[in-house]
Asks: 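First, the structure itself, so that you have it in front of you.
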Amino acid sequence: MIKLIVSDLDGTLLDHSKKVSPREIEALLKVKEAGIALCLASGRMNAEMQQVLEEIGHQAYSVSQNGAFIHLDDGSFLQSKLFEPTLAYEVYQVLQEFDLVKLICSGEANYITHLTPASDAIQARTFQPFLVKEDLDHALQSAFAVCKFSMFGDIEVLLALKARMQTALGDQLEMFISDKDCLDIMPRRVSKGQSLLVLIEKLGLQTDEIACIGDSFNDVSMFGITPHSFAMKGAHPEVKQQAAYQVESVAEAIAHVFTHNHKFAASQKGITQS
């Protein structure tokens, strides 16, 4: 029996205008009425995820910043995983070699040294404005809290950065392309999948009692912990290969969940009657 549905946001639950479609809202209402819990798992900040939940009138668990933070469905904090200050500074030094929009992410804001037309275009995709902090280099030397580095730009430059970072610090990092123009850099063993394992242990659930839906490489760690994994059909082929199913929408994945639960309930009823 699936008791928790976990959904990514961008490219999965959210459309290109950062909205949840009426079809998805209707499907999520059925989830709520069935008593199935919901968790949002995203590279976005928890505050952004709560904004989405408020707009659709839903309450959910939250795995934010690619697993750096976990919040319970009542909004209370469960866990955080941040960069060690020395490692964050070393990562930042490597980043300076590349011409990209560089965001340094904390739990509550995305920081940038200066705004440009390129960063304005990225900012338009977020729910909250970037905070300009010109002295980021100095701040990082003073143990400025960092949970994630998000780099935006040409995919070839991002791949070159990933290769350079792998050579310099790869054994201490998790790196993945989380969007067509974004490379996320996380501390080692920090991912959506790892944080979901912490959450379901807290909730007393087994891995076969959750279903995960996503569309990017940062969702693959979720797919690996449950047999009920759903990749969006528009996802990269390598991402789709890691999921058990492919779907057009979250609503379609939810329909699969209800079918599975009905079959499970029927089998349990048969066992009881026999």
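Just so you know, residue 1 is the first one in the sequence shown, and it goes up from there. Values in this document were obtained by computation on a predicted structure and should not be read as measured data. Just so it is clear, the values below take in all heavy atoms, side chains as well, and ignore hydrogens, waters and symmetry mates.
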Asks: How long is the gap from CD1 on Ile254 to CG on Leu28, to the nearest 0.5 Å?
Replies: 4.5 Å
Asks: How long is the span from the CZ atom in Phe223 to the CD atom in Gln241, to the nearest 0.5 Å?
Replies: 12.0 Å
Asks: Under the rule for salt bridge (Lys or Arg N to Asp or Glu O under 4.0 Å), what residues qualify as partners of Lys81, not counting sequence neighbours?
Replies: none
Asks: Please check if any side-chain donor atom of Ser42 sits under 3.5 Å from a side-chain acceptor atom of Asp8, or the reverse.
Replies: no
Asks: If every non-hydrogen atom of Phe83 is compared with every non-hydrogen atom of Met186, which pair is closest and at what distance?
Replies: CZ-C, 3.5 Å
Asks: Excluding sequence neighbours, so at least two apart, what forms salt bridge (Lys or Arg N to Asp or Glu O under 4.0 Å) with Asp135?
Replies: Lys133
Asks: Treating Asp73 as the side-chain partner and Gln59 as the backbone partner, does any N or O pair qualify as donor plus acceptor under 3.5 Å?
Replies: no
Asks: For Phe258, does the six-membered ring have the charged nitrogen or CZ of Lys30 within the cation-pi criterion, i.e. under 6.0 angstrom from the centroid and within 45° of the normal?
Replies: no
Asks: Looking at Asp10 and Lys18, does any basic side-chain N land under 4.0 Å from a carboxylate oxygen?
Replies: no
Asks: Before giving the answer on side-chain hydrogen bond (donor to acceptor under 3.5 Å, both in side chains), spell out for Asp15 and Ser21 the whole-Å C-alpha distance, their side-chain angles and the decisive distance to 0.1 Å.
Replies: CA-CA 7 Å; Asp15 61 22; Ser21 73; over 6 Å; no
Asks: Return the set of residues passing side chain to side chain donor-acceptor pair (under 3.5 Å) with Glu48 (not counting sequence neighbours), or none when no residue passes.
Replies: Arg44
Asks: Can you confirm whether Asp99 is buried at CG, in the sense that more than 12 heavy atoms of other residues, nucleotides or ligands lie under 6.0 Å from that atom?
Replies: no
Asks: Do other residues, nucleotides or ligands put more than 12 heavy atoms under 6.0 Å from the CD atom of Glu134?
Replies: no
Asks: Please determine whether a side-chain nitrogen of the Lys or Arg among Arg125 and Asp181 lies less than 4.0 Å from a carboxylate oxygen of the Asp or Glu.
Replies: yes
Asks: Please work out which of the three classes, parallel, tilted or perpendicular, describes the rings of His260 and Phe264, given edges at 30° and 60°.
Replies: parallel
Asks: Look up atom NE2 in His114 and atom OG in Ser119, then write down how far apart they are to the nearest 0.5 Å.
Replies: 7.0 Å
Asks: Does the pair Arg164/Glu97 count as a salt bridge with the N-to-O cut at 4.0 Å?
Replies: yes
Asks: Look at the rings of Tyr245 and Phe230 and say which category their plane angle falls in: under 30° parallel, 30 to 60° tilted, over 60° perpendicular.
Replies: parallel
Asks: Is a salt bridge present between Asp215 and Lys233, judged by a nitrogen-to-oxygen distance below 4.0 Å?
Replies: no
Asks: Are the side chain of Thr126 and the backbone N or O of Ile122 linked by a donor-acceptor pair below 3.5 Å?
Replies: no
Asks: Do the ring planes of Phe217 and His236 sit parallel (below 30°), tilted (30 to 60°) or perpendicular (above 60°)?
Replies: tilted
Asks: Do Gln93 and Asp137 have side-chain N/O donor and acceptor atoms under 3.5 Å apart?
Replies: yes
